[in-house]
Amino acid sequence: MRAPTRFEQRVYEAVKKIPRGRVTTYKLLAVCVGCRSAQAVGQALRRNPFAPRVPCHRVIASDLGIGGFAGHSTGREIRRKKALLAREGVHFRNGKLADESALWPLY
DNA sequence: TGGTTGACAGTCC
DNA sequence: CGGACTGCCAACC
C-alpha cells in the first residue's frame with residue numbers, strides 16, 4: 001500500500017470538502033490543489049487509498065461527463081457512480097450532468 | 001536518473 | 001461533429 005503523498009492528500013482533502021449533492025471536475029480540483037494537470041488528480045483518485053472516505057464519485061470530467069469510476073471508464077461501475085450521485089440529488093442526462101448548477105466551485 | 005503511464009483537457013484536422 | 005494528437009503533472013518501475 002503506497003503512502004499517500006502530500007499531493008494526493010491534498011486532492012483527497014479537497015474531495016472530502018465537497019458537500020453532499022455537489023460535484024466538481026478534475027480540472028477544478030487540479031487548480032484547487034495548486035496543480036495545472038487534471039491527470040494528476042485522476043491518478044490520485046484512481047489510487048484512492050481512502051476508498052469510501054473520499055467521495056470520488058463526486059468528481060466528474062470537465063465536460064460534465066461522468067468520467068471514470070473505480071478504475072473503469074465504462075460499464076457497471078459508471079452506472080453505480082451515476083446512481084450514487086442521483087441519490088444525492090445530482091442527476092445525469094445521457095451520461096452528462098443534467099444540472100450544471102450542481103457544480104461546486106471549490107471555495 | 002530516465003522513461004512510461006494515466007478515472008484528463010484542449011486543440012487540430 | 002467526431003476522431004486523433006499533444007500537453008500537462010505526479011506517481012511508478
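Quick note on labels: first sequence line is chain A, next is B, and so on, each numbered from 1. Hydrogens, waters and symmetry mates play no part in the numbers below; they use all other heavy atoms, side chains included.
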query: Is A:Arg58 paired with A:Glu88 through a side-chain N to carboxylate O contact shorter than 4.0 Å?
result: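 A:Arg58 and A:Glu88: salt-bridged.
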
message: Can you tell whether the side chains of A:Lys16 and A:Glu13 come within less than 4.0 Å, N to carboxylate O?
response: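 No salt bridge links A:Lys16 with A:Glu13.
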
Nearest whole Å is fine: how far is [N] [atom2] from [X] [atom1]?
X       : N      : atom1 : atom2 : answer
A:Leu45 : C:dA10 : CG    : P     : 15 Å
A:Leu64 : B:dA7  : CG    : P     : 20 Å
A:Ile60 : B:dA9  : CD1   : C1'   : 14 Å
A:Leu28 : B:dC8  : CG    : P     : 15 Å
A:Lys81 : B:dA7  : NZ    : P     : 12 Å
A:Leu84 : B:dA7  : CG    : C1'   : 15 Å
A:Ile66 : B:dA7  : CD1   : P     : 15 Å
A:Phe69 : B:dC8  : CZ    : C1'   : 17 Å

query: Within a strict 4.5 Å, meaning less than it, do heavy atoms of the A:Lys82 and A:Ile66 side chains meet?
result: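 Heavy-atom side-chain distance check passes, below 4.5 Å.
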
field: Donor-acceptor pair, side chain of A:Tyr26 and main chain of A:Ser37, under 3.5 angstrom
entry: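 No; zero donor-acceptor contacts below 3.5 Å.
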
Just distance, no hydrogens or angles: give the donor-acceptor pairs under 3.5 Å from side chains in residues 93-106 of chain A, sequence neighbours left out.
residue, atom, partner, partner atom, Å
A:Lys96, NZ, A:Asp63, OD2, 3.2
A:Asp99, OD1, A:Ser101, N, 3.0
A:Asp99, OD1, A:Ser101, OG, 2.4
A:Asp99, OD2, A:Ser101, OG, 2.9

message: Tell me whether A:Val59 shares a hydrophobic cluster with A:Ile78, the cluster being built from Ile, Leu, Val, Met, Phe, Trp, Tyr side chains joined at under 4.5 Å.
response: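 Cluster IDs for A:Val59 and A:Ile78 differ.
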
What protein N or O atoms touch nucleotides 10-13 of chain B N or O atoms at under 3.5 angstrom, if any, and at what distances?
none

- prompt: Which part of the nucleic acid, if any, lies within reach of A:Tyr26 when heavy atoms closer than 4.0 Å are counted: base, sugar-phosphate only, or nothing?
  reply: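 Base contact.
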
task: Pick base, sugar-phosphate or nothing for A:Ala40, based on heavy-atom distances below 4.0 Å to the nucleic acid.
output: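 Base contact.
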
task: Ignoring backbone atoms, test whether A:Thr5 places a side-chain nitrogen or oxygen under 4.0 Å from the OP1 or OP2 oxygen of C:dA11.
output: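 Yes, such a contact exists.
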
- prompt: Looking at C:dC8, C:dA11, B:dA7, which one has an atom nearest to any side-chain atom of A:Arg47?
  reply: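 The nucleotide sitting nearest to the side chain is C:dA11.
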
- prompt: Do you know which of A:Leu45, A:Leu84, A:Val11 makes side chain to side chain contact (heavy atoms under 4.5 Å, CB included) with A:Cys56?
  reply: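 Testing each of A:Leu45, A:Leu84, A:Val11 against A:Cys56, the sole residue satisfying side chain to side chain contact (heavy atoms under 4.5 Å, CB included) is A:Leu45.
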
